[in-house]
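Treat the numbers as computed from the prediction; the structure is a model and nothing was measured.
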Amino acid sequence: MSSEFHFTDRFPRWNADSGYAGPDGNHRSKAEFARELEELGFDAVFAADFAGLNRNQIRHNGPRSFEPLTLAAFLAAHTDRIGLVITLSTQFSEPYTVARELNSLDRLSAGRAGWNVVTSFNGESNYGYSALPTPADRYRRAREFLDVTMALWTSWDPDAIVSDRDTEVYVDTDRVRDSEWKGENFRVRQALDLPPSPQRFPVIAQAGASELGIEFAAESAEVVFVASPDLPSGQRYYEKLKSAMVASGRQPDDLAVLPGIRIHLGDTVEDAQAAYRAELTDLDLARAREAIRYEIPELDLSDLGFDDPVPLERFPTLDDIERRGRRVSRALIYRTWVESGEYVNLRDLMLRYATSFGHFQIVGTAESAAATIEEWIDERAADGFILLGGSSFERIRRDLVPLLRRRGIFRDPAAEPDRAATLRQRLGTTPGLDRNRHLAVR
């Protein structure tokens, strides 16, 4: 699965000599890249989203081009098989609206929609909140939100459309049931006003790594995106989530764990390391020093030189990170990097932060990258990956993908028996929603 289109050889930065399409023009480039990913055998494109303005981000990198739903609908019209997984917040949306939007995307794409269900860690000031609700409150709302959307998506019986010419009845309305939902956060009376989509409801994805997030994912998700910076942490998360699934009455294979990964390739390990370290200038690292405060506002590193060590006491305590309730898992990763002594100075810490944002990364040859990816799957740290970026997509396409196919861990589109499969069928996942198991899910 690929995310975010972070490859400068496909999407040049705005300050490159040529090739930058601008925020209003790069949708065409993204459609071309989505078709390229589709032909290579990627399962889906994933669009992250954050409901608020990041001034540091737009100052240096430019704004996002489009919100995810509109972009996904555009990509659906320009692709045939690749899945389209978009991020929508349960904190800043309403179930009836989201149910209509994702039903429409699933039908427009012939069963390729996925929903990354997020509770949001910022953006509250744009939606009438004086303060962001606690994580427990946000996840409680998310559970009810998901229950309401599922009730709406299953409010039509599979055979509700009868198309009876003799009686001139197109929909048997006795087979369309109003939801009559009255809960803690939502009141929804009617059934959905749209017919069932090919998958019935989109593939449910989730990205929480906290205790609350793991519990939520174990109950409901089919795909989990996670930042696992190394193999041991990946294994711990994988085991914890799969065990929680079993405890909630599901099978471990119902859900795919997909850590984020960035891949920097070279002809030799030394070449890859040199290219990786040259990827960011000191100016880029200075901007990263500002950017990390978007995730950890209390972390002030402005007085440190790049060769200075990073004092651990600059980070909030573990209790303070948990209490704040925003971006908890990432803040813990960054703090652990400093605590472990793995990154001895600010330059090394900012380089790792700005090139991975807490995710796993590979810097080496295509052969070593293929072996590492296979190891993560064999050692139960991943069921697959989200490709977040790297130094060159062309090298990944040319050098790495063939090696992964030979190892049997990357799809070969030419060997696919059913090129019209839905996203759920391609992923082989099963939704974790007991009360809807009697309904046809495709």
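F410 is listed as a side-chain neighbour of F42, based on a closest heavy-atom distance under 4.5 Å. Side chains of M245 and V224 form no contact here, defined as non-hydrogen atoms less than 4.5 Å apart. Considering only heavy atoms from C-beta on, W181 comes within 4.5 Å of D147 through its side chain. Side-chain contact between V118 and T90 is absent, with no heavy-atom pair separated by less than 4.5 Å.
At a threshold of 4.0 Å, the pair R397-E36 counts as salt-bridged, since one of the basic side-chain nitrogens sits closer than that to a carboxylate oxygen. Salt-bridge formation is detected for the pair R395/D267: a Lys NZ or Arg NE/NH1/NH2 atom is positioned less than 4.0 Å from an Asp or Glu carboxylate oxygen. Ion pairing between E184 and R141 fails under the 4.0 Å rule for side-chain N and carboxylate O. R347 and D282 are joined by a salt bridge, as a carboxylate oxygen and a charged side-chain nitrogen come within less than 4.0 angstrom of each other. Look at E215 and R143 and you find a salt bridge, because one of the NZ, NE, NH1 or NH2 atoms lies within 4.0 Å of a carboxylate O, short of that distance. Using a cutoff of 4.0 Å between basic side-chain nitrogens and carboxylate oxygens, D348 and R277 are scored as salt-bridged. A salt bridge links E211 with K240: the closest approach of a Lys/Arg side-chain nitrogen to an acidic carboxylate oxygen falls below 4.0 angstrom. Remark: E39 engages R81 in a salt bridge, criterion side-chain N to carboxylate O under 4.0 Å.
Of the N and O atoms on the side chains of Y127 and Q91, not one donor lies less than 3.5 Å from an acceptor on the other residue. Q273 and H264 share no donor-acceptor pair across their side chains, judged by distance under 3.5 Å alone. Defined by atom type and a distance below 3.5 Å, a donor-acceptor pair is present between the side-chain atoms of D300 and S302.
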Practice problem: Let me see the working for F46 and F225 under ring-ring contact (aromatic ring centres under 6.0 Å, His included), right down to the final yes or no. | Solution: CA-CA 10 Å; F46 166 57; F225 309 134; 4.2 Å; yes

Quiz prompt | ring-ring contact (aromatic ring centres under 6.0 Å, His included) between Y353 and Y343, worked out | solution = CA-CA 10 Å; Y353 167 73; Y343 299 97; over 10 Å; no

Practice problem: Apply side chain to side chain contact (heavy atoms under 4.5 Å, CB included) to the pair S329 and S210, showing each step before the final yes or no. | Solution: CA-CA 6 Å; S329 61; S210 66; 5.9 Å; no

Quiz prompt | side chain to side chain contact (heavy atoms under 4.5 Å, CB included) between L351 and Y276, intermediate numbers included | solution = CA-CA 9 Å; L351 181 62; Y276 165 68; 3.7 Å; yes

Self-check item: side chain to side chain contact (heavy atoms under 4.5 Å, CB included) between R335 and I321, worked out
Solution: CA-CA 10 Å; R335 193 181 193 282; I321 290 172; 4.0 Å; yes

Exercise. List the steps and the verdict of side chain to side chain contact (heavy atoms under 4.5 Å, CB included) for L102 and D106.
Key: CA-CA 6 Å; L102 290 171; D106 201 49; over 6 Å; no

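Between the side chain of R426 and the main chain of A421, no donor-acceptor pair closer than 3.5 Å is present. In this structure, the side chain of E374 does not engage the main chain of I377 through any donor-acceptor pair within 3.5 Å.
The two residues A256 and D383 have their closest heavy-atom pair at CA-OD2, 3.5 Å. When all heavy atoms of L84 and L105 are compared, the pair lying nearest together is O-CD2, 4.3 Å. Of all the heavy atoms in G83 and L423, the pair that sits closest is CA-CD1, 3.9 Å. Looking at every heavy atom in both residues, L132 comes nearest to S120 through CD2-O, 4.0 Å. Heavy-atom minimum distance, A218 versus S248: O-OG, 3.2 Å.
Applying side-chain contact (heavy atoms from CB on, under 4.5 Å) to L255 and the options V223, T430, I204, L241 leaves one that passes, L241. Of the residues listed (T422, T79, D43), the one engaging R112 in a side-chain hydrogen bond (donor to acceptor under 3.5 Å, both in side chains) is T79, and it is the only one.
Centroid-to-centroid, the aromatic rings of F360 and W376 come within less than 6.0 Å. In this structure, Y96 has its ring center at least 6.0 angstrom away from the ring center of F186. Between F121 and F50, the ring centre distance stays below 6.0 Å.
Note: L75 CG to E32 CD = 11.5 Å, rounded to the nearest 0.5 Å. Atom CZ of R262 and atom CG of L387 lie 9.0 Å apart (nearest 0.5 Å).
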